[in-house]
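Remarks on the structure that follows.
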Amino acid sequence: VHAHYGSEIGDMPRRPDGFAHGVKVVPAGEGSKDVDTWASVIEWLAVSGANRKDALVAVGGGVVGDLGGFVASTYNRGIDLVQVPTSLLAMVDASIGGKTGIDLGGKNKTGSFYHPKCVIADPCVLTTLGEREYIEGLGEVAKYAVLDQDFMTYIEGVSDYDIADRRMDVLGELVSRCVQMKSGYVQDDPYEQNKNGGRVLLNYGHTYGHAVEAVTGYNEYLHGEAVAIGMQFALLLSKDLNILTDDSLIERQTALLQRLRLPHEIDTSLLDPNTILPEMAKDKKNTEAGNAKVRFVLPKRVGEFAVEQVDAADITQLLISLSRK
Ligand SMILES: NC(=O)c1ccc[n+]([C@@H]2O[C@H](COP(=O)([O-])OP(=O)(O)OC[C@H]3O[C@@H](n4cnc5c(N)ncnc54)[C@H](O)[C@@H]3O)[C@@H](O)[C@H]2O)c1
Ligand SMILES: [Zn+2]
């Protein structure tokens, strides 16, 4: 984002009261969520003489937000943090909720819960975001829509053209609704301790989605694309397990993902139980010790969900039946 907005930030004048700022740029991409980049930002703060009264402002997508948040939580045992998310995914998801971290020991394995003092999300910057990254962010937006009847109705009423064209009033509405929903869930259950509801519902589409990202080496699907695929899997699993009470959701969710130009079909390469199942079981969030079950957030209808420990055998059965289609 430095190429687009760096000069505006760099040109901010020193104020008469002595307020000063410096800018540290890190390379774009997930590779910057590593220990070397974390150390380089810490070093830069130290050399610049930053102290406990200073604040770190993380301007960028989810990568910069996660990295910047982790730096702020560790430098001087914690300095103030401001998140300025610039990607749709970071606006509706990564910048809220206080999860920070880097990929040391595995994806997001090293990190902290550390809330920003404030989040500034300006949808105007989304005009420069790449098309694929924009559509990816809509994957998380679609998840929020299935979680809330009112939001689902709203988004079904917006024209495809207005979404594709990134109309500012539409983006403002999408972002603010998602932010309100996420912050509501987070305030009710900040550390994801409620195992049957609360914040865990935001993991809809993520059990299978995370496994999709992992088995494809984190370089084939963007996170929001994997979430869309994961939502389709969870929905079909819910149908198989007779948890889904409103079958029309299958058509509705598929239509929504299609309209948003997100993946809505599950590629056969993602249906091998021998690779995908161990990946879901590996995720500590999903399994309980010594338990051959995987936790899924399963829809009953729009806005109504169950959190279930699903038998590995039931998951395998669905994977096999989908691969035969
Ligand atoms: N902390 C959380 O709760 C949470 C939640 C979801 C995802 N994440 C993390 O977020 C990361 C993914 O975030 P992302 O999808 O934003 O990816 P990203 O940060 O890599 O941004 C995607 C690309 O878009 C560019 N970009 C961002 N804003 C732009 C703008 N306005 N104009 C032009 N280019 C712009 C970035 O430089 C980058 O190249 C992952 O590391 C994921 O683990 C964290
Ligand atoms: Zn997500």
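Whatever order the structure lists ligands and atoms in, that order sets their numbers, starting from 1. Just so you know, these numbers use all the heavy atoms, side chains as well, and skip hydrogens, waters and symmetry mates.
Relative to atom 16 (O) of ligand 1, the option among Gly65, Ala3, Ser87 with the closest non-hydrogen atom is Ser87. The nearest non-hydrogen atom to atom 22 (C) of ligand 1, considering only Glu133, Gln83, Lys99, Met91, comes from Glu133. The heavy atom nearest to atom 42 (C) of ligand 1, out of those in His2, His223, Lys107, Lys182, is found in Lys107. Of the candidates Leu129, Thr86, Leu222, it is Leu129 that places a heavy atom closest to atom 25 (C) of ligand 1. When the options Asp66, Val64, Val63 are ranked by their closest heavy atom to atom 18 (P) of ligand 1, first place goes to Val63.
Close contacts of ligand 1 with Gly62, meaning ligand atoms under 4.0 Å from a residue heavy atom, involve 10 (O), 11 (C), 13 (O), 14 (P), 16 (O), 19 (O). Residue Glu30 approaches ligand 1 through these ligand atoms, each under 4.0 Å from one of its heavy atoms: 40 (C), 41 (O). Annotation for ligand 1: atoms under 4.0 Å from non-hydrogen atoms of Asp93 are 5 (C), 6 (C). The distance from ligand 1 to the heavy atoms of His4 drops below 4.0 Å at these ligand atoms: 33 (C). Interface atoms of ligand 1 facing Ala28, defined by a heavy-atom separation under 4.0 Å, are 37 (O), 39 (O). Using a 4.0 Å cut-off to heavy atoms of Glu136, the atoms of ligand 1 that qualify are 15 (O).
Atom 2 (C) of ligand 1 has Ala94 CA, 3.5 Å as its closest protein atom, hydrogens excluded (heavy atom only). Protein heavy atom nearest atom 29 (C) of ligand 1, with residue, atom name and distance: Val1 CG1, 3.3 Å. In terms of protein heavy atoms, atom 30 (C) of ligand 1 is closest to Thr128 OG1, 3.6 Å.
Few gaps surround CD on Glu30; more than 12 heavy atoms of other groups in view lie less than 6.0 Å from it. In the displayed structure, Gln149 atom CD is contacted under 6.0 Å by more than 12 heavy atoms of other residues, nucleotides or ligands. Residue-environment remark: NZ (Lys239) stays at or below the threshold of 12 foreign heavy atoms within 6.0 Å.
Contacts of Glu140 with ligand 1, taken as heavy-atom pairs under 4.0 Å, are absent altogether.
Between Leu241 and Glu308 there is no side-chain heavy-atom pair separated by less than 4.5 Å.
Salt bridge Glu213/Lys107: absent, no basic N to carboxylate O contact under 4.0 Å. A salt bridge does not link Glu136 with Arg132: every distance from a Lys NZ or Arg NE/NH1/NH2 to an Asp or Glu carboxylate oxygen is 4.0 Å or more.
Polar contact check, Ala90 against ligand 1: no nitrogen or oxygen pair lies under 3.5 Å apart. Polar contact check, Tyr5 against ligand 1: no nitrogen or oxygen pair lies under 3.5 Å apart.
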Begin from the C-alpha positions of Gln232 and Tyr208 and carry the test side-chain contact (heavy atoms from CB on, under 4.5 Å) through to its verdict. CA-CA 9 Å; Gln232 293 291 68; Tyr208 187 78; over 6 Å; no

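Contact between Leu126 and ligand 1 is absent, with no heavy atom of the residue lying under 4.0 Å from the ligand.
Note that atom 6 (C) of ligand 1 has protein non-hydrogen atoms nearby, at separations under 4.0 angstrom.
Asp165 contributes no side-chain N or O that, together with a main-chain N or O of Arg167, makes up a donor-acceptor pair within less than 3.5 Å.
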